[in-house]
Amino acid sequence: MTANRTQHRHRTFDLKRTFDLFGGTTLLVLLAPLLGAVALALSLTREGPVLRRRTRAGLHGRPFTMLTLRTRSPLASLPLLLHVVRGEMSLVGPCPLSPGHPECTGAARRRLSVRPGLTGPWQISDRSDLPWEERELLDLHYVDHHWLGMDLAVLARTLPAVRRRRLRRASARPARLA
């Protein structure tokens with residue numbers, strides 16, 4: 001890699017990290033009351049821990065313990081903002097995988113050259129409908145071509161994609177008889 005490309009990658013990386021830190025901190029502060037309320041409700045209505053812990057491969061394959069709330073709602077992801085602020089995750093990036101996942105080894109290991117994300121191309125591309133190979137290609141394309149403009153576009157498309165998916169699921173459920 002030329003010195004010019006290396007400098008460009010470092011500037012992009014620093015800008016991305018600054019964006020993640022600012023965006024993650026802002027969202028965490030704004031959503032802290034909601035996060036606290038959901039955690040309290042879970043602790044009062046369910047036995048066991050409020051948080052689910054899973055080991056994931058971070059930047060350069062470094063494992064970290066990813067925390068999510070023990071609920072099936074989209075609110076389960078709120079604690080992931082802590083990982084963004086701590087630098088273990090990014091707002092946008094490849095899907096977080098366990099360290100032993102096949103995509104964390106061999107040629108696909110290049111996905112570990114960036115932080116995993118809360119959202120990414122896989123999230124806005126109807127991930128439940130895509131075969132795994134296509135999700136893998138989306139992640140690798142992101143790794144090879146990401147820039148702040150792409151991150152902003154992915155972030156702008158994430159909430160509408162989640163809403164569409166929820167509406168499809170709701171309309172696919174059979175109607176209950178009274």
Side-chain angles (χ1 to χ4, degrees), residues 20 23-59 62-104 108 111-112 114-140 142 151-178:
D20 284 343
T25 301
T26 302
L27 288 170
L28 196 55
V29 168
L30 292 174
L31 297 173
L34 179 61
L35 177 60
V38 172
L40 179 62
L42 288 171
S43 69
L44 295 174
T45 59
R46 294 186 181 178
E47 289 186 28
V50 171
L51 295 172
R52 176 177 291 130
R53 300 172 183 326
R54 295 184 179 138
T55 301
R56 293 295 180 247
L59 183 64
R62 276 185 237 114
F64 70 97
T65 302
M66 187 173 82
L67 303 173
T68 55
L69 292 170
R70 293 184 60 86
T71 176
R72 291 174 181 249
S73 78
L75 301 175
S77 314
L78 288 177
L80 296 179
L81 290 168
L82 293 168
H83 298 293
V84 171
V85 172
R86 290 171 49 173
E88 297 164 327
M89 292 182 74
S90 179
L91 291 173
V92 180
C95 179
L97 300 175
S98 62
H101 193 281
E103 275 192 62
C104 294
R111 75 185 328 276
L112 301 175
V114 298
R115 290 177 176 87
L118 298 179
T119 188
W122 46 273
Q123 179 79 3
I124 60 173
S125 300
D126 295 324
R127 69 179 176 193
S128 59
D129 299 334
L130 286 176
W132 182 255
E133 296 79 19
E134 288 184 41
R135 286 183 266 179
E136 179 182 355
L137 288 173
L138 286 172
D139 276 350
L140 292 176
Y142 177 83
D151 284 7
L152 293 172
V154 168
L155 287 170
R157 292 178 55 198
T158 295
L159 286 179
V162 170
R163 273 193 226 115
R164 275 192 314 274
R165 207 168 24 258
R166 293 184 92 211
L167 287 173
R168 271 198 311 266
R169 277 191 217 133
S171 65
R173 287 186 198 129
R176 288 186 175 185
L177 297 175

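Looking at L81 and V85, their side chains never come closer than 4.5 Å, going by heavy atoms from C-beta outward. Residues L69 and L42 form a side-chain contact, since some pair of their non-hydrogen atoms from C-beta on lies under 4.5 Å apart. Using a 4.5 Å cut-off on side-chain heavy atoms (C-beta onward), E133 and L137 make no contact. The shortest distance between side-chain heavy atoms of P99 and C104 does not fall below 4.5 Å. Residues M66 and L80 meet the side-chain proximity criterion, which asks for heavy atoms closer than 4.5 Å. Taking the side chain as every heavy atom from C-beta outward, R54 and T65 never approach each other to under 4.5 Å. A heavy-atom distance below 4.5 Å is found between the side chains of L138 and S125. Proximity of R70 to L51: side-chain heavy atoms (C-beta onward) are nowhere separated by under 4.5 Å.
For the atom pair CZ of R157 and CD of Q123, the computed distance is 11.5 Å after rounding to the nearest 0.5 Å. Expressed to the nearest 0.5 Å, how far CG of L140 lies from CD of E103 amounts to 6.0 Å. Note that CG of L78 is 10.0 Å distant from OG1 of T71, once rounded to the nearest 0.5 Å. Going from atom CG of L35 over to atom CG of L82 covers 7.0 Å, rounded to the nearest 0.5 Å.
Between the side chain of S43 and the backbone N or O of L40 there is at least one donor-acceptor pair closer than 3.5 Å. Of the possible polar contacts, one joining the Y142 side chain to the V92 backbone as a donor-acceptor pair under 3.5 Å is found. Side chain of W122 to backbone of G93: a donor-acceptor contact under 3.5 angstrom is found. Between the side chain of R111 and the backbone N or O of C95, at least one donor-acceptor pair lies under 3.5 Å.
A side-chain contact (heavy atoms from CB on, under 4.5 Å) with L118 is found for exactly one of L91, D20, L27, namely L91.
Nearest heavy atoms, G58 versus P116: CA-CD, 3.9 Å. Nearest heavy-atom pair across H83 and E88 is ND1-OE1, 2.6 Å. Between P96 and M89, the shortest heavy-atom distance links the atoms CG-CE, 3.9 Å. Between I124 and R164, the shortest heavy-atom distance links the atoms O-NH2, 4.3 Å.
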Could you walk me through whether V154 and T158 satisfy the side chain to side chain contact (heavy atoms under 4.5 Å, CB included) test, starting with their C-alpha distance in whole Å, then the side-chain angles of each, then the deciding distance to 0.1 Å, before giving a yes or no?
CA-CA 6 Å; V154 168; T158 295; 4.0 Å; yes
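Atom CZ of R86 has 12 or fewer heavy atoms from other residues, nucleotides or ligands within 6.0 Å.
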